[in-house]
Participant: 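Quick one: the structure is below, and I'll ask about it shortly.
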Number of protein chains: 2
Amino acid sequence: MGQMATEPKPASPPLTERQEARRRRILHASAQLASRGGFDAVQMREVAENSQVALGTLYRYFPSKVHLLVATMQDQLQQMHETLRKRPPAAEAPSARVAETLMRAFRALQREPQLADAMLRALTFADRSVSPEVDTVSRLTTAIILDAMRLPGPATAEQLSAVRVIEHTWHSALVTWLSGRASIAQVKIDIEMVCRLIDLTGRA
Amino acid sequence: MGQMATEPKPASPPLTERQEARRRRILHASAQLASRGGFDAVQMREVAENSQVALGTLYRYFPSKVHLLVATMQDQLQQMHETLRKRPPAAEAPSARVAETLMRAFRALQREPQLADAMLRALTFADRSVSPEVDTVSRLTTAIILDAMRLPGPATAEQLSAVRVIEHTWHSALVTWLSGRASIAQVKIDIEMVCRLIDLTGRA
DNA sequence: AGTGGGTCTGAAACTTGTTCTAGATTAGCG
DNA sequence: CGCTAATCTAGAACAAGTTTCAGACCCACT
């Protein structure tokens, strides 16, 4: 899992203040447009205009629409992680805590379904060129789930596998819900089902 | 599961012979281009040209690139279903049979990773307008898994949930592998992990 | 065989992601 | 301050998915 900075990513060149502000304006415009019309409504020209940045500059900060939306997701996940840290899940069993956490996150996304749609579509559509960024999102998600498990020691290989499976299910169930092919009830059932895997994996 | 025709779907207007041939040419060209360069290599103009059909006609048959690729996936899955029917998995436990089936399917896709990439990306990128077609793919996958389970009677709600979770994991793991963020070994482990859910669900 | 409606063709037009270019601005530095 | 390289801007240009349109063609029915 490499470096574990509290907030910023690699920080290759330390951005100036104005640059940081630009980056933030772009992400804000992206999230705002996404909240309205979802993936399709995030049009690069419009993002550039709304964040008062030239199109070329937008592309310098985020080399593609998918990069932009995945970065937006990083941003949102980070916030969610903070929120969850403040009010951690209360349930007894680890599996129940994970299920609770994921359903809570799910409800948060429900409030902005279009934004969720844009971010998830970008995430699953991303090709190899976006792997590093997608990986960051994945690590964030993993961290959220592991937090909810509150393991005494480091996770076993088996547990990590279970976490990956939970992550897969979480993403895929979300996509299915967003495209109207599954109800919220079904998502809940499936999340609870996959969380049972946690009970199967021990310290062994 | 509604109608269970042996091959064709709804068949709203019964296509003429020439039309059936056109459709087949289009799907063939699509799969061929996808096998080369993946999603991006499937260019509508080229598909049209290669299948000797006007662009407008291509769009009459498949209203978007995503529709086309999802239909391609239906086609491939159908073939895979046939193949699997001929040589069903041999393992003892239902969960092992499902894992074996999925890994066999996985290896088949490995042989044409670019094609798999194109189909999977289209599938997960599909929006609501493609829901019916995506649903068909989902039902096919479900059928394949249920076949492997060889249940004595009809599946319980719990079992269907487990199957959905397995499907989610299968898709998502595949995507992760295709984008180079997971090894084949990891996919195998995760598939086997999620298949354990089957052992947890009984007739209840 | 004749005819009417749906289908197919070829080509242009439109949309939106992405790239490119020339000139203005900015940041860091002597 | 004055220079230089990097960055930013405005806008054109390009690429590929999608739409549109006029005319040719095919099919079923009389």
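Chain letters run A, B, ... following the sequence lines, proteins first, then strands; residues in each count from 1. On a predicted model such as this, the values are computed, not experimentally measured, just so you know.
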Participant: In whole angstrom, what separates B:Phe62's CZ from D:dG17's P?
Facilitator: 16 Å
Participant: Between B:Leu55 and B:Gln52, who's closer to the 5' end of DNA chain C by nearest nucleotide?
Facilitator: B:Gln52
Participant: Starting at CD of A:Glu17 and ending at C1' of C:dG28, how long is that distance when rounded to a whole Å?
Facilitator: 16 Å
Participant: Is there a donor and acceptor pair closer than 3.5 Å between the side chain of A:Arg18 and the base of C:dT25?
Facilitator: no
Participant: Output the rounded distance in Å from OH (B:Tyr59) to P (C:dA11).
Facilitator: 18 Å
Participant: Indicate whether OP1 or OP2 belonging to D:dC8 is found under 4.0 Å from a side-chain N or O atom of A:Arg60.
Facilitator: yes
Participant: With sugar-phosphate meaning primed atoms plus P, OP1 and OP2, does B:Val66 contact a base, only sugar-phosphate, or nothing at under 4.0 Å between heavy atoms?
Facilitator: nothing
Participant: Where the side chain of A:Arg22 is defined as all heavy atoms beyond and including C-beta, which of D:dT9, C:dG17, D:dT18 is the nearest nucleotide?
Facilitator: D:dT9
Participant: Measure the distance from CD on B:Glu49 to C1' on C:dT9 and round it to the nearest whole Å.
Facilitator: 14 Å
Participant: Determine the contact category for A:Val42: base if any of its heavy atoms lies under 4.0 Å from a base atom, sugar-phosphate if only primed atoms, P, OP1 or OP2 are that close, otherwise nothing.
Facilitator: sugar-phosphate
Participant: Assess the residue pair A:Ser131 and B:Ser179 against the criterion (side chain to side chain donor-acceptor pair (under 3.5 Å)); give the C-alpha distance rounded to whole Å, side-chain angles, the decisive distance to 0.1 Å, and a yes or no.
Facilitator: CA-CA 7 Å; A:Ser131 285; B:Ser179 61; 4.8 Å; no
Participant: What's the CG-P distance between A:Leu69 and C:dG17, to the nearest Å?
Facilitator: 10 Å
Participant: I'd like to know if the side chain of A:Arg128 reaches the main chain of B:Leu178, judged simply by a donor and an acceptor atom lying under 3.5 Å from each other, with no hydrogens or angles considered.
Facilitator: yes
Participant: Tell me: NZ of A:Lys65 to C1' of C:dT15, nearest whole Å?
Facilitator: 12 Å
Participant: In whole angstrom, what separates B:Asp40's CG from C:dT18's P?
Facilitator: 10 Å
Participant: Find which nucleotide of DNA chain C each of A:Phe39 and A:Gly56 is nearest to by heavy atoms, and output the residue with the more 5' nucleotide.
Facilitator: A:Phe39
Participant: Counting only N and O atoms by type, is there a donor-acceptor contact under 3.5 Å from the side chain of A:Glu49 to the main-chain atoms of A:Glu46?
Facilitator: no
Participant: State, yes or no, whether a side-chain contact exists between A:His168 and B:His171 at a heavy-atom distance under 4.5 Å.
Facilitator: no
Participant: Out of D:dA10, C:dG10, C:dT16, which has the shortest distance to the side chain of A:Ala54?
Facilitator: D:dA10
Participant: State which of D:dG17, C:dC8, D:dT9 makes the closest approach to the side chain of A:Thr57.
Facilitator: D:dT9
Participant: Could you check whether any side-chain N or O of A:Gln76 sits under 3.5 Å from a backbone N or O of A:Met73, counting only pairs where one atom can act as donor and the other as acceptor?
Facilitator: no
Participant: Considering just the side-chain nitrogens and oxygens of A:Gln19, establish if one lies under 4.0 Å of OP1 or OP2 belonging to D:dC8.
Facilitator: yes
Participant: Taking only side-chain N and O atoms of B:Tyr61, does any of them lie within less than 4.0 angstrom of OP1 or OP2 on C:dC8?
Facilitator: yes
Participant: Using whole Å, report how far CG of A:Leu58 lies from P of C:dC20.
Facilitator: 16 Å
Participant: Ignoring backbone atoms, establish whether A:Thr16 has a side-chain N or O less than 4.0 Å from OP1 or OP2 of C:dA27.
Facilitator: no
